[in-house]
Amino acid sequence: MVATQLPRLAFAQAYDDPEDIYARVKKSPDLRLSMCGGNIDIAIDGDSRPLDKRRIETWVRRSASAVSAYFGRFPVDHWALLITPGEGNRIGPATTWGYPSSVTRFTVGRDVTDNALREDWVMVHEMTHLALPRVPMSSEWFMEGNATYVEPIARAQLGQITPQEVWRWAVDDMPKGQPKSGDEGLDHTHTWGRTYWGGAMYWLLAEIDIYKHSNGEYRLQDALRAINRTSGGNTALWSVAQVAQAGDAAVKSNALTTLYDKLKDRSVAIDLDGMLRQLGISEEEGTIRFDDRAPLAELRRSITSLRKTDKSSTKECLGL
Ligand SMILES: [Zn+2]
């Protein structure tokens, strides 16, 4: 038994290098999908059964639909995805790179259920990373916060989850992004809470500022789409200032730039409760409740709704 396993182990490749992953997917993709302007090549590294090609395709298509609805197209022209089957039923971990092209390695347990795949958020999170340029690692929070903020919203816009679920995360998890003692600002404090939830708070603050500054004409989504179109996605490497400027220009504001300057080098506690109150979001007896008389209730409703101007084009591209 050991003897027959040895040669396989000797030749097994760890796939830690995005160039190797890209080459592997390009050489022999098991699936090729075309979704809303994006060509997706998927390779499965070994025997994934009972997670077969058909189930992987359903999962990828569902996630790609949500991300495409949010960004108005699949965020990159070409994406290489390597599925590495693992033990058990776990979804993830996954890593996304922007070189030599847009590449993701995704581990998923062979025993994962269809229900878990339907409810999965990790695939949408990784696809959201494709949309924006990469930035220096000191500002990892900028990208992780963006994926954390956008992922549930993208799913809610297509009705895959409820608005209550979106805001449940803001109520329960965003407080983990507040600075603790010794914090030196988002660019200098690389803890899990600051990176993911501190970053997500930055994007929620930007959402509100863009809406207020434009008297309701623009959303953060407009800025993010513009950044995506200008950069071409995560194969580009930009400074945070460049990304912020591209987004600000599209919504005629300086929200992204001003917020970055304010939060990058300093410990700034955010009035999260005040923001949620303005949006009309509260938790009563364990349930997320909405107040439609709140000053930013219209913004809250629109964040999780498919855009009226998008509906026909999005439906067409998603085949709805
Ligand atoms: Zn991430």
Side-chain angles (χ1 to χ4, degrees), residues 63 66-67 70-71 75 90-98 104-107 119-156 160-161 164-209 220-221 223-224 227 233-234 238 240 243-244 247 256 259-260 262-273 275-276 279 281 283 288 303-304:
S63 305
V67 175
Y70 189 85
F71 287 98
R90 193 172 162 204
I91 298 177
T95 306
T96 294
W97 293 269
T104 297
R105 179 194 59 207
F106 208 125
T107 302
E119 291 177 2
D120 166 54
W121 59 269
V122 185
M123 183 65 85
V124 178
H125 177 102
E126 294 307 315
M127 287 179 180
T128 305
H129 279 314
L130 303 174
L132 269 55
R134 288 171 290 126
V135 296
M137 276 306 281
S138 55
S139 301
E140 191 185 8
W141 62 270
F142 191 76
M143 306 314 305
E144 291 302 344
N146 186 256
T148 303
Y149 179 74
V150 168
E151 165 265 308
I153 291 170
R155 294 199 290 150
Q160 295 180 356
I161 59 172
Q164 277 83 0
E165 287 175 83
V166 173
W167 299 113
R168 158 67 62 198
W169 284 307
V171 168
D172 284 356
D173 292 329
M174 262 189 199
K176 297 171 191 164
Q178 296 282 19
K180 297 194 169 124
S181 70
D183 189 280
E184 295 176 346
L186 287 167
D187 272 356
H188 310 282
T189 312
H190 307 296
T191 59
W192 177 86
R194 291 292 270 159
T195 302
Y196 287 84
W197 291 108
M201 266 199 287
Y202 166 87
W203 292 103
L204 177 59
L205 283 164
E207 180 88 83
I208 292 173
D209 283 358
L220 173 65
Q221 192 172 4
L224 292 175
I227 294 165
N234 77 328
W238 285 11
V240 173
V243 181
L256 294 173
L259 280 168
Y260 176 55
K262 183 175 160 187
L263 302 177
K264 65 179 175 175
D265 300 321
R266 263 168 295 171
S267 165
V268 180
I270 306 300
D271 179 15
L272 182 58
D273 288 345
M275 276 203 291
L276 295 175
L279 288 162
I281 299 161
E283 184 182 30
I288 297 295
I303 288 172
T304 52

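In what follows, every heavy atom counts, from backbone to side chain, and hydrogens, waters and symmetry copies are set aside.
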- request: Can you see which heavy atom on Trp238 is nearest to which on Pro136, and at what distance?
  value: O-CD, 3.5 Å
- prompt: How many angstroms lie between CE in Met275 and CD1 in Ile270, if you round to the nearest 0.5 Å?
  reply: 6.5 Å
message: Please check this pair: side chain of Gln178 against backbone of Ala269, looking for a donor-acceptor N/O pair closer than 3.5 Å.
response: no
- request: Could you tell me the separation between the CH2 atom of Trp192 and the NZ atom of Lys176, rounded to the nearest 0.5 Å?
  value: 4.5 Å
message: Would you compute the distance between atom CE of Met143 and atom CZ of Arg134 and round it to the nearest 0.5 angstrom?
response: 10.0 Å
message: Minimum heavy-atom separation for Ser267 and Pro179, please, with both atom names.
response: OG-CB, 3.4 Å
- prompt: Hey, what do you get for CZ (Phe106) to CG (Asp120), rounding to the nearest 0.5 Å?
  reply: 5.0 Å
message: Could you check whether any side-chain N or O of Tyr202 sits under 3.5 Å from a backbone N or O of Leu256, counting only pairs where one atom can act as donor and the other as acceptor?
response: yes
field: Trace of the side-chain contact (heavy atoms from CB on, under 4.5 Å) decision for Leu224 with Ile227
entry: CA-CA 5 Å; Leu224 292 175; Ile227 294 165; 4.2 Å; yes
- request: Please check if any side-chain donor atom of Asn234 sits under 3.5 Å from a side-chain acceptor atom of Trp97, or the reverse.
  value: no
query: Between Glu151 and Thr128, do the side chains contain an N or O donor and an N or O acceptor separated by less than 3.5 Å?
result: no
N/O donor-acceptor pair under 3.5 Å between Thr96 side chain and Thr104 backbone: no
query: Taking all atoms of both residues into account, what is the closest heavy-atom pair of Leu272 and Met174, and its distance?
result: CD2-CB, 3.6 Å
- prompt: Quick one: does Leu279's side chain get under 4.5 Å of Leu204's, heavy atoms only?
  reply: yes
- prompt: Can you tell if the side chain of Ile161 reaches within under 4.5 Å of the side chain of Trp121, non-hydrogen atoms only?
  reply: no
- prompt: Closest heavy-atom contact between Ala170 and Pro175?
  reply: O-CD, 3.6 Å
task: Report the residues that fulfil salt bridge (Lys or Arg N to Asp or Glu O under 4.0 Å) with Asp172, sequence neighbours left out, ordered by chain and then residue number.
output: Arg168
query: So how far is it from Glu283 CD to Gln164 CD, rounded to the nearest 0.5 Å?
result: 12.0 Å
Shortest non-hydrogen contact between Gly177 and Met201, atoms and distance: C-CE, 3.4 Å
task: Let me see the working for Glu144 and His125 under side-chain contact (heavy atoms from CB on, under 4.5 Å), right down to the final yes or no.
output: CA-CA 9 Å; Glu144 291 302 344; His125 177 102; 3.1 Å; yes
- prompt: Is it true that a side-chain atom of Gln221 and a backbone atom of Tyr70 form a donor plus acceptor pair closer than 3.5 Å?
  reply: yes
Check: Lys264 and Leu186 side chains under 4.5 Å, non-hydrogen atoms: no
Arg155 side chain to Glu119 backbone, donor-acceptor under 3.5 Å: yes
message: Tell me the closest heavy-atom pair linking Ala223 and Gly247, and the distance in Å.
response: CB-O, 3.5 Å
message: Within the 4.5 Å heavy-atom criterion, are Thr148 and Trp141 side-chain neighbours or not?
response: no
field: Test log, rule side-chain contact (heavy atoms from CB on, under 4.5 Å), inputs Asp273 and Asp271
entry: CA-CA 6 Å; Asp273 288 345; Asp271 179 15; 4.2 Å; yes
- prompt: Relative to each other, are the rings of Phe142 and Trp203 parallel, tilted or perpendicular (30° and 60° limits)?
  reply: tilted
- prompt: Roughly how far apart are Thr191 OG1 and Tyr196 OH, rounded to 0.5 Å?
  reply: 11.5 Å
- prompt: Run the side-chain contact (heavy atoms from CB on, under 4.5 Å) check on Leu205 and Leu263 step by step: do they pass?
  reply: CA-CA 11 Å; Leu205 283 164; Leu263 302 177; 4.1 Å; yes
